Asker: 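Below you will find the structure I want to go over with you.
Since the structure is predicted, the reported quantities are computational estimates derived from the model, not experimental observations. Just so we're on the same page: letters track the sequence lines, and every chain starts at 1.
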There are 2 protein chains.
Amino acid sequence: MTIQDVAKAAGVSPMTVSHVINDHPHVRTETRERVLRAIEELDYRVNVAARNLRTGRTGTIGLAVPEIDRPYYGQLAAEIIKVAAGHHLRVAIEQTGASREGELAALALSRNRLYDGLILSTVGLGPADTDLLRVDHPVVILGERIFDGPVDHVAMPNSAGARAATRHLLERGCRRVALIDGPQRGEVDVSSLRYDGYREALDEAGLPFDPALVAPIEQLTMERGAAAARRLAGSGAGFDGVFCVTDTVALGALRGLADSGLRVPDDVKVIGFDNIAEGAYSVPSLSSIDPDHALMAGTAVGFLVKRMAEKGAARQAPREFVSPFSLVARESTG
Amino acid sequence: MTIQDVAKAAGVSPMTVSHVINDHPHVRTETRERVLRAIEELDYRVNVAARNLRTGRTGTIGLAVPEIDRPYYGQLAAEIIKVAAGHHLRVAIEQTGASREGELAALALSRNRLYDGLILSTVGLGPADTDLLRVDHPVVILGERIFDGPVDHVAMPNSAGARAATRHLLERGCRRVALIDGPQRGEVDVSSLRYDGYREALDEAGLPFDPALVAPIEQLTMERGAAAARRLAGSGAGFDGVFCVTDTVALGALRGLADSGLRVPDDVKVIGFDNIAEGAYSVPSLSSIDPDHALMAGTAVGFLVKRMAEKGAARQAPREFVSPFSLVARESTG
DNA sequence: GCCACGTCCTGTATCGTCACCACGCCAGCA
DNA sequence: TGCTGGCGTGGTGACGATACAGGACGTGGC
């Protein structure tokens with residue numbers, strides 16, 4: 001069942017069938033209809049592989065994220081799939097497991113021309129890997145670990161957001177604000193940047209920084225968030241507010257504080273970062289920093305699409321986009 | 001940079017390069033190394049499109065789910081991607097938006113030989129669409145809307161699980177158990193089957209069924225779950241337990257009950273279905289029915305892989321698998 | 001010396017599509 | 001009448017890989 005068969009059945013040349021399929025002009029209405037009828041009758045389907053080979057494009061972009069079952073990435077993926085569909089692009093998802101190797105593997109697949117482009121959410125790759133990104137196919141970095149890299153970059157307002165979050169806790173009357181921070185693996189990862197924002201807000205308010213109020217965790221999961229909160233509560237450090245590096249961690253922290261018999265917001269106020277959907281429905285509901293997810297997804301796909309349209313030579317300079325954000329105050333800082 | 005260039009550089013035929021790439025035997029170690037060196041030097045990458053065309057396989061399976069940002073589907077996708085990777089398969093995700101059209105679109109893409117197979121989570125397609133599934137390429141249905149269809153099917157233990165959940169509430173002392181139920185669109189969708197289980201458990205316990213205790217919702221979201229719980233609380237129907245059709249709905253319901261000033265589990269006990277990760281960390285933590293997600297994902301991919309290996313003629317009869325389950329009791333039914 | 005067999009490698013023929021260019025036709029115009 | 005130019009259509013030839021058949025060579029048995 002090839003284009004040839006259709007051509008024969010319709011009494012035209014394969015090229016005419018191709019034109020009909022691809023909505024090219026220069027086909028008489030009558031001919032077009034005859035072709036469409038033949039396609040219908042034979043139940044013909046284009047062979048995407050053959051088309052890919054011929055055109056050099058696959059119509060699919062890759063999206064590499066640490067784990068698709070983390071709410072933030074799920075919500076990100078949903079947005080990106082939606083936006084990509086508007087550009088007639090499909091999205092294949094790779095899970096990198098938050099590891100450098102996983103991220104490199106995704107890059108390799110993209111290099112194999114399996115994808116027309118790649119949106120890579122970096123966690124493991126660092127500035128040292130900048131050269132690995134010097135590739136000749138479209139890549140957009142979504143995340144924070146690489147600045148001034150050779151590729152387009154869509155970033156969160158990490159420091160500014162963290163600063164606003166911490167400031168919000170201070171404005172609500174907190175004086176001893178703890179931080180549940182993620183793994184710091186360089187100078188420009190999420191955790192480090194949000195840590196910076198936290199420090200800045202303290203400085204701004206003229207409050208001292210107390211290392212005993214920082215609880216680092218190795219993974220940005222609810223489980224670790226809960227454990228960190230219990231650790232803080234048990235340490236006797238004394239705190240009346242917590243800024244959590246992500247909402248997922250914050251939801252875990254709410255649980256950990258409940259386990260420790262602390263009431264939110266009466267005893268301790270809590271704020272997160274990302275404004276994932278779940279935060280609006282937790283008990284108490286979670287205050288958070290809300291970057292513009294739709295805008296970020298749209299920008300990332302937009303960058304990629306522009307790159308894909310570029311003719312080899314006329315390469316633009318790498319673009320960078322930092323999302324605006326707002327603060328959503330809910331019960332946890334009430 | 002084609003296989004020909006590599007062949008020329010290594011002084012062998014393209015076929016020998018192909019053999020090396022694909023780990024075929026009958027290549028002398030020395031030759032193999034020469035080829036590998038040439039590949040390295042030229043930075044050669046196979047062109048996946050060409051390979052796909054020639055072999056007729058793409059190495060990618062499709063996973064069509066309503067929305068990837070719903071925790072259940074995120075966690076499902078994560079499992080499936082992991083299992084598929086073990087079979088050297090990539091996974092492309094389609095969002096069907098829980099609509100019939102979306103599901104048909106995913107089927108169409110699969111028909112275009114874009115995917116080697118498709119795992120389709122049906123919500124919109126019903127028994128009436130059985131014929132549309134009578135396709136000649138591998139499809140596995142994940143979900144409940146089509147029984148006795150012409151394709152493999154991996155299902156949840158819907159009725160049995162719902163019955164166990166309801167019975168659990170009764171055993172904990174509830175006498176007026178409400179149900180927050182999803183949209184019923186036929187006889188074999190998730191909502192209907194779980195509704196059946198709820199009714200069975202009531203009958204078993206000799207308790208009357210009270211329609212005033214059933215709160216139907218149109219979408220299985222936290223938002224709708226919260227609204228339904230508030231509706232129930234405000235209706236004056238009087239209830240001391242709620243079985244929610246999914247955990248996502250149950251998490252919303254916890255929120256709604258809190259809004260209505262009802263305490264869980266003291267005033268009302270709550271149980272969900274799916275055992276999503278978030279349920280372990282909510283306050284209070286959520287009791288749930290726990291199907292074996294990993295087993296379901298493994299089985300679905302396994303079915304698909306077997307189908308993909310089948311030679312056209314020797315088609316096996318459709319298989320069906322219903323996951324076992326266990327009940328996880330947490331604070332919400334404490 | 002001859003044949004059979006296994007190993008290692010090669011030549012050729014597609015896979016199904018679309019880009020490119022050519023061509024026939026007709027209207028409009030000088 | 002002959003020329004131009006746009007429209008509708010077709011012929012040819014890659015795109016880059018692999019399937020298949022088979023050849024060259026070396027080894028061992030008789």
Asker: Would you say Thr31(A) places a side-chain N or O within less than 4.0 Å of OP1 or OP2 belonging to dT9(D)?
Answerer: yes
Asker: Expressed as a whole number of angstroms, how long is the span from Gln4(A):CD to dG10(D):C1'?
Answerer: 13 Å
Asker: Quick one, Val65(A) and Leu63(A) - any side-chain contact, counting heavy atoms below 4.5 Å?
Answerer: yes
Asker: Would you check if Glu103(B) and Val123(B) make a side-chain contact, meaning some heavy-atom pair closer than 4.5 Å?
Answerer: yes
Asker: Which distance, rounded to the nearest 0.5 Å, do you find between the NE2 of His153(B) and the CZ of Phe303(B)?
Answerer: 10.0 Å
Asker: With a 4.0 Å cutoff (strictly under), does any side-chain N or O of Arg28(B) reach OP1 or OP2 of dT7(C)?
Answerer: no
Asker: Using whole Å, report how far NE2 of His24(A) lies from P of dC20(C).
Answerer: 11 Å
Asker: A side-chain contact here means heavy atoms from C-beta on lying under 4.5 Å apart; do Glu320(B) and Asp152(B) qualify?
Answerer: no
Asker: Between dC20(D) atom C1' and His26(B) atom NE2, what is the distance in whole Å?
Answerer: 14 Å
Asker: Rounding to a whole Å, what distance do you find between Ile3(B):CD1 and dT18(D):C1'?
Answerer: 8 Å
Asker: For DNA chain C, determine which residues of residues 38-55 of chain B have any heavy atom closer than 4.0 angstrom to one of its atoms, and list them numerically.
Answerer: Leu53(B), Arg54(B)
Asker: Test of understanding: with side-chain contact (heavy atoms from CB on, under 4.5 Å), list the residues that count as partners of Arg90(B), not counting sequence neighbours.
Answerer: Glu94(A), Leu109(A), Leu114(A), Tyr115(A), Thr60(B)
Asker: Counting only heavy atoms not in Arg32(A), do more than 12 fall under 6.0 Å of its CZ?
Answerer: yes
Asker: What side-chain donor-acceptor pairs closer than 3.5 Å can you find for residues 68-83 of chain B, not counting sequence neighbours?
Answerer:
unit_1: Arg70(B); atom_1: NH1; unit_2: Glu67(B); atom_2: OE1; d: 2.8
unit_1: Gln75(B); atom_1: OE1; unit_2: Ala277(B); atom_2: N; d: 3.2
unit_1: Gln75(B); atom_1: NE2; unit_2: Glu278(B); atom_2: OE1; d: 3.2

Asker: So which atom in Pro183(B) and which in Asp189(B) form the shortest heavy-atom distance, rounded to 0.1 Å?
Answerer: O-OD2, 3.7 Å
Asker: For Arg45(A), check salt bridge (Lys or Arg N to Asp or Glu O under 4.0 Å) against everything at least two apart and list the hits.
Answerer: Asp43(A)
Asker: Under 4.0 Å from any atom of DNA chain D, heavy atoms only: list the residues of residues 10-20 of chain A that qualify, in numerical order.
Answerer: Val12(A), Ser13(A), Met15(A), Thr16(A)
Asker: Quickly work out the Lys8(B) NZ to dG16(D) C1' distance and round it to whole Å.
Answerer: 13 Å
Asker: Between Asp116(B) and Thr58(B), do the side chains contain an N or O donor and an N or O acceptor separated by less than 3.5 Å?
Answerer: yes
Asker: Specify the angle, to 10°, made by the local axes at the two ends of the helix from dG1(C)-dC30(D) to dA30(C)-dT1(D) when five pairs are taken at each end.
Answerer: 50°
Asker: So, for Pro66(A) and Thr96(A), which heavy atoms are closest and what is the spacing to 0.1 Å?
Answerer: CA-OG1, 3.3 Å
Asker: Measure CZ/Arg32(B) against P/dT7(C) and give the value in whole Å, please.
Answerer: 14 Å
